[in-house]
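Numbers here simply count residues along the sequence, with the first being 1. Quick caveat: nothing in here was measured; it's all calculated off a predicted structure. Order of listing sets the numbers, starting from 1, for every ligand and every atom in it.
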Amino acid sequence: MKQPKLKKIYRKLYASFGPQHWWPAENSFEVIVGAILTQNTAWVNVEKAIANLRKAGMLDAHKLSLLPQKKLAALIRPAGFYNIKARRLKEFLNFFSACYQLDLKRMQRVPLSGLRRQLLSVHGIGAETADSILLYALAKPSFVVDSYTKRILGRHKLIQPDADYTQVQNLFTRELKKDSKLFNEFHALLVRLAKDFCLKNQPRCAICPLKKIN
Ligand code: SF4
């Protein structure tokens, strides 16, 4: 069977769904907070935690870095694992303060590969979170791989069942232009596809935009 190619998939999804306007946040710092809070929880819970932070006037790197960890944990409680996530946010803020004086523009000036390595060295920041920060907060072309991406690509036999994060990411980097706008939109479209059609159980192939892709 001829395998579908990523560009073809992208075109089909964009034609079907249109632009997804990701990431749902008011500014880059809020994207970073959301990327850390969304680990192991549904986005709807993250929204509640972010609303608490906004209401408390804490969606600001300087203010958040001064907030005691216990108070931070109480504010982000709806996101689940709130003590762990409060610690992770604090670890990120310590790094952000020590290396970039809490200035996103300074951080943005660092080349992608070096900055990715730095982010991965922060406790609690794994590949998916690091790439979400790089792509959606800093507009750097680092493709975000998640379980939805693996599910869709696996079902279309574009990756091996045991493919790891780097192998899946390399596929996008190899086949596509390294363009942050393209990576931004493509990841968002894959999430939309997985939520609406490529469900974990009983995928809706008969009515899916990718049904004739091969
Ligand atoms: S629902 Fe079916 S056709 Fe659509 S992406 Fe998933 S496996 Fe492919």
Inset, instruction - Kindly compute the distance separating SG (C208) from CG (L13), expressed to the nearest 0.5 Å. - result: 7.5 Å

Legend entry - Expected output: side-chain Q108 to main-chain L138 donor-acceptor under 3.5 Å: yes

Legend entry - Where ligand 1 meets P203 - atom numbers and elements under 4.0 angstrom, heavy-atom basis: 1 (S)

Legend entry - Proximal atoms of ligand 1 relative to H156 (non-hydrogen, under 4.0 Å): 3 (S), 5 (S), 7 (S), 8 (Fe)

Legend entry - Derivation of the side chain to side chain donor-acceptor pair (under 3.5 Å) call for E175 and Y10: CA-CA 12 Å; E175 283 204 17; Y10 175 77; over 6 Å; no

Inset, instruction - Flag the pair R106 and D103 as a salt bridge only when some basic side-chain nitrogen lies within less than 4.0 angstrom of an acidic carboxylate oxygen. - result: yes

Legend entry - Any N, O or S atom of C205 closer than 2.8 Å to atom 2 (Fe) of ligand 1: yes

Legend entry - Short side-chain to backbone donor-acceptor contact, K48 and R77, under 3.5 Å: no

Inset, instruction - Could you list which atoms of ligand 1 come closer than 4.0 Å to a heavy atom of F197? - result: 1 (S)

Inset, instruction - Using the side chain to side chain contact (heavy atoms under 4.5 Å, CB included) rule, take F197 and I207 through it: C-alpha gap first, then chi angles, then the decisive distance, then the call. - result: CA-CA 8 Å; F197 296 94; I207 54 166; 4.0 Å; yes

Inset, instruction - Could you list which atoms of ligand 1 come closer than 4.0 Å to a heavy atom of C208? - result: 1 (S), 3 (S), 4 (Fe), 5 (S)

Legend entry - Which of the ligand 1 atoms, numbered from 1, are nearer than 4.0 Å to a heavy atom of R155: 7 (S)

Inset, instruction - Please report which non-hydrogen protein atom sits nearest to atom 6 (Fe) of ligand 1, along with the residue it belongs to and the distance in Å to one decimal place. - result: C198 SG, 2.4 Å

